[in-house]
Structure formats: C-alpha cells, structure tokens
There are 2 protein chains.
Amino acid sequence: MDQMHPVDMGPLPDLIGYMLRRAQVAVFQDVNRCFAEAAIRPADYGVLIVVSKNPGLNQTSVGDALGIKRSNLVPLVDRLERRGLLERRPAADDRRAYALTLTEEGHNVLGRLDAKRAEQEARLKQRIGADRADSLLDMLHRLAAIADDECLPSKTGEQIARARQR
Amino acid sequence: MDQMHPVDMGPLPDLIGYMLRRAQVAVFQDVNRCFAEAAIRPADYGVLIVVSKNPGLNQTSVGDALGIKRSNLVPLVDRLERRGLLERRPAADDRRAYALTLTEEGHNVLGRLDAKRAEQEARLKQRIGADRADSLLDMLHRLAAIADDECLPSKTGEQIARARQR
DNA sequence: TATTGTTATACTCTATAACTATA
DNA sequence: TATAGTTATAGAGTATAACAATA
C-alpha cells in the first residue's frame, strides 16, 4: 500500500547539516553517472587533479590536500597505477617518498572528464540559479573551514596520538 | 618536513560537488561533537525526529523518508530500541508491520538534543552570514531534488530489479 | 626522534539478494 | 503477486596502530 500521507520531517529540512548530506549524496550520484564510463569515482578524480596540478608531489601531501589519510590513499593510488593513469617514481630528494605523476593516458582521461565535469557543473548551477553559485561556494568554504578551526593544526593527529601515549 | 608550498587544488574548490562533500564532513564532525554525550549519531537523530513527528509509522516509511534502505534500518532501530528510546509495537491494521513510537525516555533525549541542535545551527548560520541561511537551504533542496528527477519514482528499485530478472 | 609508505584491522555506511509471514 | 521486516553478505569509506626504511 502506498504511503498517502506525506511524512512530517520536523526540523530536518531546515537543518543545514541534514540538507548538506542529502544534497551531497544526490550530487555524487550524478557525478558517478557522469564518470561511470571512465570508471572514475570522486576520490579518484581528486587524486588525478591534485597530481596533475602538482606533479612530483608525494602521497602524504596528496592525502592531506584531499582529506584522505595516507594509509587509505595507498590502495587508491595502487588502483590508478595499475590502470596506467599514474606513476610512482622515486623522489629526487627523499628516498622514503614517491613522486607522483600522471601518465600520458592519465592526462588524456582527465581531459575527457573535464568536458563532462563542466557540463555537469553547468547543469547544477542552472538548477540553483546560475547567479547564486558564487554565493553557494563561498558558504560551503566557510562551513568546510570548521574542521580547521576546532582541531588546531599546530600538531598533527599522529603527534597528538604519540603524546597521549606518554 | 613541512609542505611550504601550498598545494594547487585546480578546479576542485570551485566544484559544487567537491565543496558539498568537504562542508558536509566538517558539519557532521561538529554535529557528532554536539551529540557525543548522548551517543546519538546523525542517522539516529533522523529516525528519532521522524518517529516523534509521525508516531505509529512503520520502518519502511521511516527509511524511505530518510533515504535509508529498510534492511539497513533494522540494526539502527534495534539499537535505539535496546537503549529504550523507541518501541516496536504491533501495527493495528497490518500484522507484518511494526508501529514505531518513542518512549518517554526517547522524548526526553530528543528534547535535550533540541537545545544543542539549535545552538549549533545558530553557530553555522552566523558563520555563513545569518541572512544567507534561507538561500543556502533553498539551493540545497534544489540540489537534493536531483535524486528524485533522474530515477523516476513510478517504480521502486525492487520492482525494477524484479522486472530486470524476467 | 620524526616522517614516508605500507600492512593489518575494525567500524560505519551502503547495496543486493533471499527468506518468512503476511497482505 | 506484492509488501514488511529480517538476515546475510559484500563493497565502499574511514580510523588507528604498528612496522621498515629513511630523514
């Protein structure tokens, strides 16, 4: 039987956190559709972009930039490397680290995704009212900055963890 | 060694999808801090709100309202029931279904969380510029509505899955 | 001593298929 | 036949601890 009465969602539709979540899930589903044929997921795309813009960067720095822990970045980079989109090369100045670079195929894939991304972004902007996109992005940046405020970046999580052990 | 050069994020900071994700993660971390002492997570909060506003609703309807599959709702409701916040009672008109209701303790917990939620929401609004909150929520609703557009609600996922098998 | 990449592990969230008892 | 709740399971994503090699 159908649910004929609409469900009362109470304060949820007016909560920034709740609606951020619903919007993010919907937009990511849309992104995944756009990138499906290339089999590139949002996290993959972030890594490819950062490496393309910062060739030679090491894994820890890529992870920090994207909010991905270095231990979780390993299988992600493994996969991109196996697919021939990205290379781990020895870093010139630090024998512990890898210098990440895109392969030619990596650049090609990223180039093709660029058109799809632009098209999708235009659709999203039209949906919200194109003239409001800048305002939306500004607000999202301010909200994302909460993360920086609360846990001061004076110490890394690992440094804090080690300090706690003593 | 510190990363002295800022990492070039390319187009990511201008992408609605990317910034939605970063903002949502940051805001949820903040919510989790606010609700930590009650040990209530965002999904729990959604269930409690919907059940309090729609006493007697069954699990499938609660899940549909919140975008949670009914199979994933089971352990969530289990936990809330074990904690004495919520009750499964036999539905009057359908012996397959449960009528969900909050216990007195459930209402009490929700009441206490309400103050914290309002305080947190005020902080978020101040951060983005209080007069822009309505505009933000409107845009988030429009983006969340993508999900409804693309997969028409004329058939449920299960109906489609069954149809595909034939 | 600290950091890089790695492994192992655990926990949450999400998605699908199949079952039962009802409808 | 279809639906409500459940179970089992698999896949992501995320978090922590510990290790070898190097700084």
Side-chain angles (χ1 to χ4, degrees), chain A residues 1-3 21-22 24-26 28-29 32 39-44 46-47 56-64 66-79 81 88-100 147 151 155-166, chain B residues 1-3 21-22 24-26 28-29 32 39-44 46-47 56-64 66-79 81 88-100 147 151 155-166:
Chain A
M1 199 204 302
D2 277 7
Q3 180 73 32
R21 175 69 181 158
R22 299 298 296 239
Q24 183 258 306
V25 168
F28 265 41
Q29 282 177 349
N32 280 322
I40 293 291
R41 283 166 298 189
D44 298 326
V47 171
L57 208 62
N58 67 32
Q59 292 185 189
T60 298
S61 299
V62 171
D64 286 348
L66 293 166
I68 301 173
K69 301 215 175 295
R70 70 192 197 286
S71 57
N72 294 328
L73 199 66
V74 173
L76 218 162
V77 171
D78 283 347
R79 208 170 128 271
E81 192 180 33
R88 282 174 166 117
R89 305 196 326 202
D93 56 333
D94 186 339
R95 291 195 299 170
R96 295 169 302 180
Y98 289 124
L100 300 180
C151 38
K155 291 191 176 190
T156 69
E158 283 184 334
Q159 284 171 332
I160 292 168
R162 257 191 302 278
R164 196 162 33 202
Q165 280 184 322
R166 294 174 214 139
Chain B
M1 199 205 303
D2 277 8
Q3 180 71 31
R21 175 72 180 155
R22 299 299 297 238
Q24 183 258 307
V25 168
F28 265 40
Q29 282 176 348
N32 279 323
I40 293 292
R41 283 165 300 190
D44 299 325
V47 171
L57 207 62
N58 68 29
Q59 293 185 189
T60 299
S61 299
V62 171
D64 285 348
L66 292 166
I68 301 174
K69 301 216 174 295
R70 68 193 198 287
S71 57
N72 293 329
L73 198 67
V74 173
L76 218 161
V77 170
D78 283 348
R79 208 169 128 270
E81 193 180 32
R88 283 176 166 114
R89 305 197 326 203
D93 55 333
D94 187 340
R95 290 195 300 169
R96 295 170 301 179
Y98 291 124
L100 299 180
C151 37
K155 291 190 175 189
T156 69
E158 283 184 335
Q159 284 170 331
I160 293 167
R162 258 190 301 276
R164 197 163 31 202
Q165 280 185 324
R166 293 175 216 136

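Because only heavy atoms are used, hydrogens play no part in the values below, and waters and symmetry mates are left out as well, while side chains stay in. All figures in this text were calculated on a predicted structure; none of them were measured in a lab. In what follows, chains carry the letters A, B, and so on, assigned in the order in which the sequence lines appear, proteins first and then strands, with residues in each chain numbered from 1.
Side-chain contact between B/Arg41 and B/Asp44 is present, with at least one heavy-atom pair separated by less than 4.5 Å. Within the 4.5 Å cutoff, the side chain of B/Gln24 has heavy atoms near those of the A/Arg21 side chain. A/Arg88 is listed as a side-chain neighbour of A/Asp78, based on a closest heavy-atom distance under 4.5 Å.
Within the 4.0 Å cut-off from OP1 or OP2 of D/dA23, at least one side-chain nitrogen or oxygen of A/Arg95 is found. In this structure, B/Thr60 reaches the D/dG5 phosphate: one of its side-chain N or O atoms is under 4.0 Å from OP1 or OP2. Residue A/Arg21 has a polar side-chain atom (N or O) positioned under 4.0 Å from OP1 or OP2 of C/dT14.
No N or O donor and acceptor, one from the side chain of B/Arg96 and one from the base of D/dG5, sit under 3.5 Å apart.
Separating the CD atom of A/Gln24 from the P atom of C/dC13 is a distance of 14 Å, rounded to the nearest angstrom. Counting to the nearest Å, the C1' atom of D/dA12 and the CZ atom of A/Arg41 are 7 Å from each other. Taking atom NZ on A/Lys69 and atom C1' on D/dA17, their separation rounds to 13 Å, with Å as the unit. Between the CG atom of B/Asn58 and the C1' atom of C/dA21 there is a distance of 15 Å, given to the nearest Å. Regarding B/Tyr98, its OH atom lies at a distance of 8 Å from the P atom of D/dG5, rounded to whole Å. Between the CG atom of A/Asn72 and the P atom of D/dA17 there is a distance of 14 Å, given to the nearest Å. Here D/dA12 presents its P atom at 8 Å from CZ of A/Arg79, a figure rounded to the nearest Å. Rounded to an integer number of Å, the gap from B/Asp78 CG to D/dA8 P is 12 Å.
Across D/dT6, D/dA17, D/dA23, the shortest atom-to-atom separation from the side chain of A/Asp94 is found for D/dA23.
To the nearest 0.5 angstrom, B/Arg79 atom CZ is 6.5 Å from B/Ile40 atom CD1.
Mapped onto DNA chain D by nearest heavy atom, A/Ser71 and A/Ala43 fall at different nucleotides, with A/Ala43 at the one closer to the 5' end. Judged by closest nucleotide on DNA chain C, A/Arg88 is the one of A/Arg88 and A/Val25 placed further toward the 5' end.
Nearest heavy atom pair, residue B/Arg22 against residue A/Gly67, reads NH1-N, 3.7 Å.
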